[in-house]
Structures are given as structure tokens and as C-alpha cells.
A.B. asks: 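Below is the structure I would like to discuss, written out as C-alpha cells.
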Amino acid sequence: MSTSSVSKGCFVFKPSAKKKKTLGLEDYFIEGCDGAENSETRYKLCQDLWDKIKADTELLQDELNRKILDSLLDFTRKSSSTRQHGDWAAQMRASEIPTAALVLGVNVPDHDMTFQSLSDLLQQSVSPHVASVQAKDCGALKHLMKRVLERLMDTVVSVDDEEEDEAEQTGTQLHKSVHCSLGTLCDWYNAKRKTSSSGTPGKKRSSPAKDEPHQPPVVIIFKDLEAFNPRVLQDFILICSRYIQRLPLMFIFGIATSPSTIQHMLPHSVSSLLCIELFQSLSCTQHLATVIDKLILTPHFPFKLNGKVMQVLISIFLYHDFSVRNFIKGVQLALLEHFHSQPLSVLCCKKKEAVLNVMQLGHSDVERIRQLPSFKRYVEKQEPQEQVNLSTDDSHLKEVCRKLIKDLRKYHKNYYPVLRCLHTLTTCLPRYPLGKQLRELHLICLEKNVWENEDYQSAMKLLKMLAKDELITLLQKCAEILQPVKSKKMKNARVHLEDLLAKFKQPDAVAAEAPPCVEESITSPVKNLGKKTDLFQLQKTLLEMNETRRSKKLSPFELLRNEALEFIDSLVKSHLSPPESQTLNEVCYYSSSATVRRHLNATPRTSIQAALNSPYYYLQNNSLKTEDGSVSNAAPDICIAYKLHLECGRLINLYDWLEAYATVVSAAEGNNPDSDNFGKVDEVKHARFIRAVSELEFLGFIKSTKQKTDHVARLTWGGC
């Protein structure tokens, strides 16, 4: 475009703004997933399940934290009420600050959610003046004071003259900033209190007691007490103790290890200024057990994890972070991977939706069903004519799939109640033969038939040694577990259990029980299972009992006890078969444990080596693409230096390394190999080489050595 002007100048003509389309999760999911014909439906199902898991998890975590949070709220209310209506100097020394020591455990990633809930509840019901601080933002006393005042007063706080000068240069409005001191906070608090206590003009107060203004406490939450500088914390507490008469301060210490941390960080002269009360939250293992029981081991969620994936997630929890939130993220990752990689996951939904989606399957999806290992096993068991129909007739196969999907739902409805019954029976036994936690028993059932396990057989033998009262208590618990289940088979099982319980409670059964001396010595040697039991003695007694029973006639009680346990054994064999034995289990179960481990267990060393070996896959530059796996001479300097250092031994001569680097770089610049300057080291190449070597040293691939001054020691061997 031409322009005319009186004076010379530079004119800018901006192009028309075109909005770039940003790809979201849905776009990436639909573009990259297998089986694009039903990708949108799968994404919607995945999103619904994702939201459901997230909402239920947050609700469950709030319920688990409810008790400890309510205790903290009562503590803050009590401390505030004591200061307002009681004799503060008489009930608490004037220099004492009410402090709650909240022991949360080492699952640090989950603490943010707990403290956020605590802050919200405090602001809603106790005081609007709540400030949360972290150690990473409070390296010095002035920074701690600044963070506290900014969070409480919601304004800019100036720390010193240097920051004021810096703010002037950047154009910050300094007239809105306040001085960083607790005196300023006291003046602000008094002004706020007067504003909130002033009533409507002309309205008379009903009683003199109401003339006293309300004094909500000023709560300061230290999220990670162990990470704070002890000296900074001590100075802050000493300063706050001087203002306790003017300002109703209150502290909450978030402790991850032990309450003794306070004694280690604070000397007696400082800790004596605090009125400390201890609060203990649930352990992270108890938290995880509840989450698994309520969210995963339930038929309400159609998406399932197989044994290996469950084991990976639990191992990461136990050996890495103790974070329930990260465990749920792992479940959500498996959910996303399952719906992304399995086209038949469109059937992983509620019963009515799954039956409807079966009839809408295309021919390609029907062929995928025929290729499923579980469906192939199902076809092999059918009659020859039925096998032909399932292999050729798509409509017939869809009708069969509708029935198989319903059977899979029934399997899950029956599996989890029987699993809980078996867990109830076995956890009362010495040393927990099948595991203390429900998830341990679930993992055993996922691997193989649990009734073939030696521990299961030992558990059933031990259960046949229980006394009448103990057995009745356990059977009653099993009946309570089956009570809410609507499955027809579980209703029949509950009725059968109630009939057995009624027989146990009949006077005839009590009278027919063996005499106490015989029963205690022969049929019930494990009278009190709560005490420590010698396993060798227990096995010896069991063998003696079996030998005695060969020549001893069983009493009616023993016969009834055997009948009850045989019924439990029949339930286990009918409903606790592994999920892999169920047809179409691939629709609901995610089994790629390697993918989950790769995503959650980061291996930065391997990733770095892969990037240095194959920069093309990260930079997507065609000039870096090589066929034989070697690094192109156009690669970044650090990639060239890394590739060359792989060709050296334990000690690398820096001068030889530099010359080899200069030769490769000269080829990349297009210089003539026959020229005299080809491969020569100039200042630019020398500087680039030094930077590449420094980066490799920083990444831990080489280190300096005292053996030879012009050499470096290599710390890696082989390629990626």
C-alpha cells in the first residue's frame, strides 16, 4: 500500500486478526483415538465418568476430613469466646497465643485440599480474617510478615525502601501500599471491627451486653511447618506475642511428621508463648482404603481396573508419595487411556445406555468383538451352528452381546458383596490369611480363583474351629452386607443365611453342642482369636482335631457350622471367579499397566537421553531426521557433543573432543571438506563447545577429574 506524507515516517499496517483454533482435550481425543466412528460418544462417556469420579472423591474426602475440621472449628470458636466473654488474663496468660497443631501425615500433595476446606469453613463460620502461608514464600521474616498482611488486608504491603524505589520505577501506585508491621494490622483490625459493629443510625440496642463489639480472631495457617526457617518462625511468634492484648491472634500449624517437630524447631522460651492443642487426622493408608472401598470396589462405576494396574497404582502410593489425590489421578488417567485406545469402550456405561449402544455398533466394531479373546473362548464353547451364526450374522451377534453385557453387570453386582463377606470372615482369623485390607483380597481374586489359594483353604479350616457366638456374629455381618443388594441371587443368599442364623439360635442347637471340655479342646481351640496365637501350635491342634474327628461323631452344632461354611464356600466359587473369565470383560477392564507406569513413574534420565539421541522426535525438524539412528550434524550442539562422548572411554580428552565437534559443525555449515579451514577451531566454535560441555556436566553425564587436567570422566555407558 502506498502512502503520501509531508514528512518521512514509518507506518505500520496490521494484518487482519485471525483467531487461531486452540485444540482442547476433546479435539486431541477425537483426532488421535482408535476407531474414529464412535469417538465423540466415547469422549462424552469418558467425560461423564471423569466428572462423576472427581465429584464423588471430593465429597468422600470432605466426609473423611469432616471430624477433624469440626474439631478445629470448635477450637477456634472456643478460643475466640474465651477471649471475648471471659477473663482473658486469668484463663490464659497475656502472652499465650492459641495454637492448633494439626498432624496430617506425609501425604503432602493432599494437604492443599484440606487447608482450602479449612480456610473456607473458618471464613464462613468463625472469622473472615484467615491467612495461609507456605515456607517457600517466607524465606525471611519480612517476607513472612508481608505475606500475612497482604492476605489479611488484601492490599499492597511495602517491606523496605529498596522495594519502594523499585515500585516507583515500574510505576506502581505507592499511595495504596501500607507499612509492613503488626501495628498497621492492629489499626486495620480495629477499623474493621468498628465498621462491622456500627449499627443502623437511630436504632437503639436492646441490652448493654450487646454493646461489646464482636472480636473475630485473626487466624494464621502455616501449611508446612517443617519447611519454615526455625529462626524466622521464632522471631514471628515473639513479635506476635507482644500484640496479643491488642489483636486476637490464633495459629494453626500443619505438621507432616510428628508433634515433636514443634519442640525441635522452637525453644522453650518461644513455645511457652503458645497454648498448643493437638489434632490428629486419619492416616493416608486409612484414607486410601476408604476411597478404594467406596469408589472402586463398587458396581456403580462401569469402568474397572485389572489386577496389574491396581497393583501399579497402589505401589506408587505406598512407595512414592502417599497421595490419595495422585491415586485418583492415576485412575482418571487409566480411564482416559481406556476410552482412547479401546473402540469398544462405548459399551462401558450404564446398563440401558450399553444395551442401546450395542444395537448401534457398526460392522467394524462387530468385527472387533469377534477378535476379543474372551469372546473367542465363548464362541468355542457353543454348538457348531451357533458358532457359524456368531461368526457371520452381525444382527445375531448384537443380540448375544446384549445378553452378555447384562451378564457382566450381574457378575459385578454379585462379586463385590461376596468379596466383602469373605473379607469379613477372614479378617477375624490370626495373621489375616487373605490380607488385612479389602483391596488385598480383591487383588488375589483378580489374579486367579481364590478358592485354589492355600491361604483360602487354611482360612476355611480355621473358620471350622470357631465357637458358636463368634460364628453367629460373623454370619450376621454377612447378612447385613447382603441386605441392600437388589440382585436376585444375593437376596436368596441372604434368606439362606438368615435361616442358618435362626437354626443356630434355636435351643436344640445349643443343647446339642458338645460339652465345654470336649468342645474347647477339640472343636474350638481358637476360642479367643484376638490374642496372639502360635501358628505352630495352631497347626498342631488342627491336625489333632482332624485325627479325632475320624473316630468322633459330629454334634448337630458342628454339622450346622459345616453347613454354613460350605454355603459361604459355594458363594465364593460361584461369584468370585476372576474378571478375565467373563465374556466381554475387555469392554470395561483396563489392563495396560505399562502405560500407566510410564506416565506416572517419570524417568527423567531416560527421557533426556532419548532427546539427546533423537532430537527429531522432540523438535520435529526434518533436517534432524536420520535413518540409521545417528545424530544429524545440524542437531543442537549438546546433541552433537553427547553423541561424540558416547564414542569415548572412561576418560575423555577435551582437545580431541573439541576437534571432533569442530569437524561435525563445519560439515553442518556446508564448508568444503578439502579447504584448509575445514574442521578448524575458532572462537565461536570454542564457545559453543564449552557451553555444550557445561550443559552435559550439569545434566550429570560427565564430571571433572583430578587424574588428568585436560580430561573429564564419563558417567554414562551406552546409548538410550
Side-chain angles (χ1 to χ4, degrees), residues 72-73 76-77 79-80 83-84 88 95 97-100 112 115-168 170-199 212-225 228-229 232-254 273-274:
L72 284 169
L73 291 178
T76 53
R77 292 193 190 98
S79 301
S80 177
R83 179 180 175 89
Q84 285 184 235
W88 178 262
S95 58
I97 303 174
T99 304
D112 288 339
F115 283 119
Q116 184 61 45
S117 300
L118 176 61
S119 300
D120 295 341
L121 290 174
L122 287 173
Q123 291 177 345
Q124 292 171 6
S125 58
V126 179
S127 171
H129 313 309
V130 180
S132 298
V133 291
Q134 286 183 286
K136 65 180 182 180
D137 302 326
C138 309
L141 178 62
K142 62 181 180 181
H143 297 144
L144 174 57
M145 196 78 71
K146 175 181 170 66
R147 295 292 181 272
V148 170
L149 266 63
E150 285 181 344
R151 283 163 173 73
L152 289 173
M153 301 171 62
D154 194 19
T155 185
V156 180
V157 178
S158 60
V159 176
D160 48 28
D161 296 337
E162 294 181 1
E163 290 191 4
E164 292 183 4
D165 296 339
E166 185 177 335
E168 285 181 359
T170 57
T172 306
Q173 297 179 356
L174 282 177
H175 64 277
K176 291 185 178 180
S177 64
V178 296
H179 187 59
C180 183
S181 70
L182 282 186
T184 304
L185 183 62
C186 290
D187 297 338
W188 171 85
Y189 179 81
N190 292 330
K192 282 283 185 181
R193 193 183 68 179
K194 291 178 182 178
T195 303
S196 60
S197 62
S198 59
E212 182 183 357
H214 178 59
Q215 297 184 15
V218 177
V219 184
I220 303 175
I221 302 175
F222 298 84
K223 291 185 176 181
D224 45 354
L225 185 71
F228 275 86
N229 187 330
V232 171
L233 196 61
Q234 295 170 22
D235 294 343
F236 182 76
I237 294 174
L238 289 172
I239 295 173
C240 290
S241 65
R242 302 293 188 269
Y243 289 86
I244 192 63
Q245 293 289 353
R246 299 170 54 190
L247 198 63
L249 289 167
M250 191 176 299
F251 294 158
I252 296 178
F253 290 160
L273 303 176
L274 306 175

A.B. asks: Quiz question: by atom type and distance under 3.5 Å, do the side chains of D120 and Q116 form a donor-acceptor pair?
C.D. replies: yes
A.B. asks: Would you give the length of the straight line joining atom CZ of R151 to atom CD1 of I221, rounded to the nearest 0.5 angstrom?
C.D. replies: 11.0 Å
A.B. asks: Any idea which heavy atoms bring T184 and M153 closest together, and the distance?
C.D. replies: CG2-CE, 4.0 Å
A.B. asks: Contact between L182 and V148 at the side-chain level, heavy atoms closer than 4.5 Å - yes or no?
C.D. replies: no
A.B. asks: I need the H143 NE2 to K136 NZ distance, nearest 0.5 Å.
C.D. replies: 15.0 Å
A.B. asks: In Å and rounded to the nearest 0.5 Å, what is the CZ to CG distance from R77 to L122?
C.D. replies: 8.5 Å
A.B. asks: Tell me, do F115 and Q134 make a side-chain contact under 4.5 Å, heavy atoms counted?
C.D. replies: no
A.B. asks: With a 4.5 Å limit on heavy-atom distance, are the side chains of L185 and Y243 in contact?
C.D. replies: no
A.B. asks: What distance separates D224 CG from F253 CZ, expressed to the nearest 0.5 Å?
C.D. replies: 12.0 Å
A.B. asks: What heavy-atom pair brings V126 and P217 nearest, and what distance separates the two atoms?
C.D. replies: CG1-CG, 4.0 Å
A.B. asks: How close do P248 and Y189 get, counting heavy atoms only, and between which atoms?
C.D. replies: CG-OH, 3.4 Å
A.B. asks: Please round to the nearest 0.5 Å and tell me the distance separating atom CG of L118 and atom CD of Q123.
C.D. replies: 10.0 Å
A.B. asks: Check for a donor-acceptor pair, side chain of S79 on one end and backbone N or O of T76 on the other, with a separation under 3.5 Å.
C.D. replies: no
A.B. asks: Are side-chain heavy atoms of S127 and V218 found at a separation under 4.5 Å?
C.D. replies: no
A.B. asks: Which heavy atom of C138 sits nearest to which heavy atom of F228, and what is that distance?
C.D. replies: CB-CE2, 3.9 Å
A.B. asks: Do the side chains of W188 and L149 get nearer than 4.5 Å, heavy atoms only?
C.D. replies: no
A.B. asks: Any side-chain heavy atom of L72 within less than 4.5 Å of one from L121?
C.D. replies: no
A.B. asks: I'd like to check K146 versus D137 (side-chain heavy atoms, cut-off strictly below 4.5 Å). Are they in contact?
C.D. replies: no
A.B. asks: Rounded to the nearest 0.5 Å, what separation is found between the CD1 atom of I220 and the OG1 atom of T99?
C.D. replies: 10.0 Å
A.B. asks: Testing the basics here: between V232 and G139, what is the closest heavy-atom pair and its distance to 0.1 Å?
C.D. replies: CG2-O, 3.6 Å
A.B. asks: Mind listing the closest non-hydrogen atom pair of I97 and I237 along with its distance?
C.D. replies: CD1-O, 4.3 Å
A.B. asks: Given side chains that start at C-beta, do those of Q234 and L141 come closer than 4.5 Å, heavy atoms only?
C.D. replies: no
